[in-house]
Amino acid sequence: MDELQPIRTILKEADSLPFLFVGSGMSKRYLNIPTWNDLLAYVASLINPDKYYFAKLERQISDKINKKTNYNQYMTALCDLVQDELNALWYTSNKFVTSRDKYGDLVIKNDVQPIKVEIARYIGSFDNTTPSVTDELNCLKNISSHSIAGIITTNYDNLLENIFNFQTYTSQEELLFHSRYELAEIYKIHGSISNPETILINSNDYKEIENKHKYISAKLLTIFVEHPVFFLGYSIGDQDIRLILRDIIDSLGTNQAKDITKRFFFVTWDSEVDTPKISDSTITFSNGRTLTMTQIIIKDYISLYKLLAETKIKYPVKMLRYIKEDLYNYTLSNTPTKKAAFWIPDKELTKEEQSQVEFMYGFGIIERAENGYDSIHYEEFYEDVVFDNKNFQNHLVVEKSLPIALRACSGWMPIRKYVKDIDLTNVPSIVDSNLSQIARTN
């Protein structure tokens with residue numbers, strides 16, 4: 001029995017590739033990166049290695065805020081407390097001289113909190129994947145080029161960029177103010193260790209998230225409307241996910257909301273299940289509206305990744321993104337131009353990615369298309385003379401193709417078709433010789 005068959009059917013009927021919405025559980029699974037609480041415990045250990053020191057800070061916050069009912073508020077308040085303690089030492093203590101040497105300008109000139117620097121350094125040290133999940137990661141890599149449209153994540157680490165090699169937006173500002181093409185892209189909506197300034201973790205950052213989350217949700221709305229979405233590495237009660245989903249549901253009518261939630265899949269890991277299980281999971285929001293999505297409970301992710309791999313397009317998603325970007329830029333241009341042509345971005349795709357191409361199409365400068373006239377075989381010209389079926393550009397044939405083709409057939413070919421409307425004063429010498437030979441035989 002194939003427990004995932006209902007998911008397979010939905011993916012086959014969908015008119016677009018899936019998006020992945022990835023949370024910290026995946027970073028924990030594949031890189032063993034600590035949880036939010038453990039990250040703060042690590043920073044506290046840099047300040048004071050006594051195990052009771054961080055416990056004291058936790059107690060100060062838990063006396064004021066209930067962690068179970070107000071998790072984000074509790075964690076950001078705890079972060080503020082650790083941040084203040086770190087600031088008292090970071091600028092002068094010998095413990096942080098290496099950090100100051102590397103990130104001092106960022107902290108001083110850009111007003112970046114030192115806690116973000118230390119968290120970026122710490123997460124960046126987790127660069128070895130967990131050996132027990134190697135097979136899973138290989139399956140994930142296999143779906144990266146043809147089966148996934150893009151990724152949204154709240155994770156800071158670079159695991160997803162390294163696996164997918166997609167265009168990455170590392171901050172909310174980039175997502176809000178840069179053009180997106182929703183193909184081969186990663187949206188890191190809580191920041192990235194590659195730019196510590198973008199990391200959102202303290203209470204001021206979360207106020208910014210609250211102020212901008214409706215704009216972020218609006219930016220992501222088309223993804224939710226047009227693509228199947230798989231939520232990985234989150235708990236069903238995650239506050240960040242609930243905020244985004246609430247905004248999505250609020251922006252849609254009841255029937256529209258029912259349609260898109262049929263394509264929402266919440267993936268839950270459970271070591272006790274032997275085979276995947278599917279059930280409905282309902283979230284109730286504070287305004288009374290509800291969202292029911294499909295919950296997939298699995299023991300490992302291989303079966304899910306293999307299922308996603310079945311939904312495969314012929315063209316690498318990176319290529320489609322380049323084409324979409326060029327078409328977009330071309331249509332925005334106010335300058336008339338004839339420089340539109342078939343194009344494949346060989347400088348951007350790896351050799352392996354190029355080898356997977358089944359069809360080539362694109363938008364680019366005419367010189368790239370002109371280079372193709374260097375490789376036309378002389379037999380094609382004979383066919384074109386007889387059947388008039390090639391639609392060649394005559395000036396390119398004379399300038400680029402005929403010098404090569406004429407050498408390949410001892411300097412003589414029927415070429416009058418191609419030179420009848422061409423200025424003959426500057427044609428290549430071998431073309432001129434061929435024309436003279438034809439004139440002598442007449």
Side-chain angles (χ1 to χ4, degrees), residues 1-33 35 129-155 159-160 163-164 186 223-224 226-238 240-242 244-245 248 257-284 290-313 317:
M1 179 178 178
D2 186 355
E3 291 80 2
L4 295 178
Q5 182 57 41
I7 314 299
R8 179 178 290 105
T9 300
I10 292 173
L11 292 178
K12 285 184 177 180
E13 293 175 353
D15 54 6
S16 56
L17 290 177
F19 256 75
L20 304 183
F21 204 132
V22 179
S24 60
M26 302 300 283
S27 296
K28 177 72 174 177
R29 183 173 183 81
Y30 295 132
L31 290 175
N32 199 31
I33 289 177
T35 62
T129 55
T130 308
S132 61
V133 293
T134 299
D135 290 342
E136 276 189 19
L137 280 174
N138 288 334
C139 286
L140 183 59
K141 290 175 183 177
N142 288 339
I143 67 175
S144 64
S145 61
H146 288 72
S147 301
I148 297 297
I151 299 170
I152 308 163
T153 182
T154 52
N155 296 346
L159 173 69
L160 296 170
I163 291 176
F164 284 83
I186 298 174
I223 293 173
F224 287 101
E226 297 176 1
H227 297 265
V229 180
F230 287 80
F231 297 87
L232 310 170
Y234 291 103
S235 70
I236 199 72
D238 186 279
D240 297 318
I241 293 297
R242 290 175 69 93
I244 292 175
L245 292 178
I248 296 297
K258 287 182 180 179
D259 287 340
I260 69 166
T261 53
K262 291 177 183 177
R263 301 195 302 274
F264 285 2
F265 305 101
F266 206 97
V267 182
T268 303
W269 178 81
D270 187 341
S271 62
E272 301 299 321
V273 299
D274 293 324
T275 58
K277 294 183 179 180
I278 295 177
S279 62
D280 288 339
S281 181
T282 301
I283 300 175
T284 301
T290 61
L291 181 157
T292 300
M293 66 179 83
T294 301
Q295 184 175 28
I296 306 171
I297 304 174
I298 54 178
K299 186 175 184 177
D300 67 62
Y301 290 83
I302 290 178
S303 57
L304 175 63
Y305 296 157
K306 287 184 176 179
L307 174 64
L308 292 173
E310 294 176 16
T311 306
K312 180 181 179 182
I313 56 173
V317 290

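Because the structure is a prediction, the values reported are computed rather than measured.
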Which heavy atom of [X] sits nearest to which heavy atom of [Y], and what is that distance?
{"X": "Leu308", "Y": "Pro18", "answer": "CD2-CG, 4.0 Å"}
{"X": "Arg29", "Y": "Val133", "answer": "O-CG2, 3.9 Å"}
{"X": "Ile223", "Y": "Val229", "answer": "O-CG2, 4.4 Å"}
{"X": "Phe265", "Y": "Pro228", "answer": "CE1-CB, 4.3 Å"}
{"X": "Arg263", "Y": "Ile10", "answer": "CG-CG2, 4.4 Å"}
{"X": "Val22", "Y": "Thr153", "answer": "O-OG1, 2.8 Å"}

[X] side, atom [atom1]; [Y] side, atom [atom2] - distance, nearest 0.5 Å:
{"X": "Asp135", "Y": "Tyr305", "atom1": "CG", "atom2": "OH", "value": "12.5 Å"}
{"X": "Met293", "Y": "Ile260", "atom1": "CE", "atom2": "CD1", "value": "9.5 Å"}
{"X": "Met26", "Y": "Phe21", "atom1": "CE", "atom2": "CZ", "value": "13.5 Å"}
{"X": "Thr268", "Y": "Leu232", "atom1": "OG1", "atom2": "CG", "value": "10.0 Å"}
{"X": "Leu17", "Y": "Thr311", "atom1": "CG", "atom2": "OG1", "value": "7.5 Å"}
{"X": "Asn142", "Y": "Ile163", "atom1": "CG", "atom2": "CD1", "value": "11.0 Å"}

Exercise for the section: Specify whether Phe231 and Phe264 have parallel, tilted or perpendicular ring planes, treating 30° as the upper limit for parallel and 60° as the lower limit for perpendicular. Expected result: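 Judged by the thresholds at 30° and 60°, the geometry between Phe231 and Phe264 is perpendicular.
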Donor-acceptor check, side chain of [X] to backbone of [Y], threshold 3.5 angstrom: yes or no?
{"X": "Glu3", "Y": "Pro276", "answer": "no"}
{"X": "Ser144", "Y": "Leu140", "answer": "no"}
{"X": "Asp270", "Y": "Ile298", "answer": "no"}
{"X": "Ser281", "Y": "Gln295", "answer": "no"}

Exercise for the section: Test side-chain contact (heavy atoms from CB on, under 4.5 Å) on Ile7 and Phe230 and set out the steps. Expected result: CA-CA 11 Å; Ile7 314 299; Phe230 287 80; 3.9 Å; yes
Fill in the blank from the handout: Arg242 meets the side-chain hydrogen bond (donor to acceptor under 3.5 Å, both in side chains) criterion, sequence neighbours left out, with none
Problem - Tyr234: partners by side-chain hydrogen bond (donor to acceptor under 3.5 Å, both in side chains), with sequence neighbours left out - result: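 Tyr234 satisfies side-chain hydrogen bond (donor to acceptor under 3.5 Å, both in side chains) with Thr154 only.
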Problem - Side chain proximity check, Thr294 to Ile278, heavy atoms < 4.5 angstrom - result: yes
Practice task
Answer yes if the side chains of Thr284 and Thr290 hold a donor-acceptor pair under 3.5 Å, and no otherwise.
Solution key: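 Note: Thr284 and Thr290 side chains miss the donor-acceptor criterion.
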Handout entry: Neighbour count >12 (heavy atoms, 6.0 Å) for atom NZ, Lys28
Key = yes
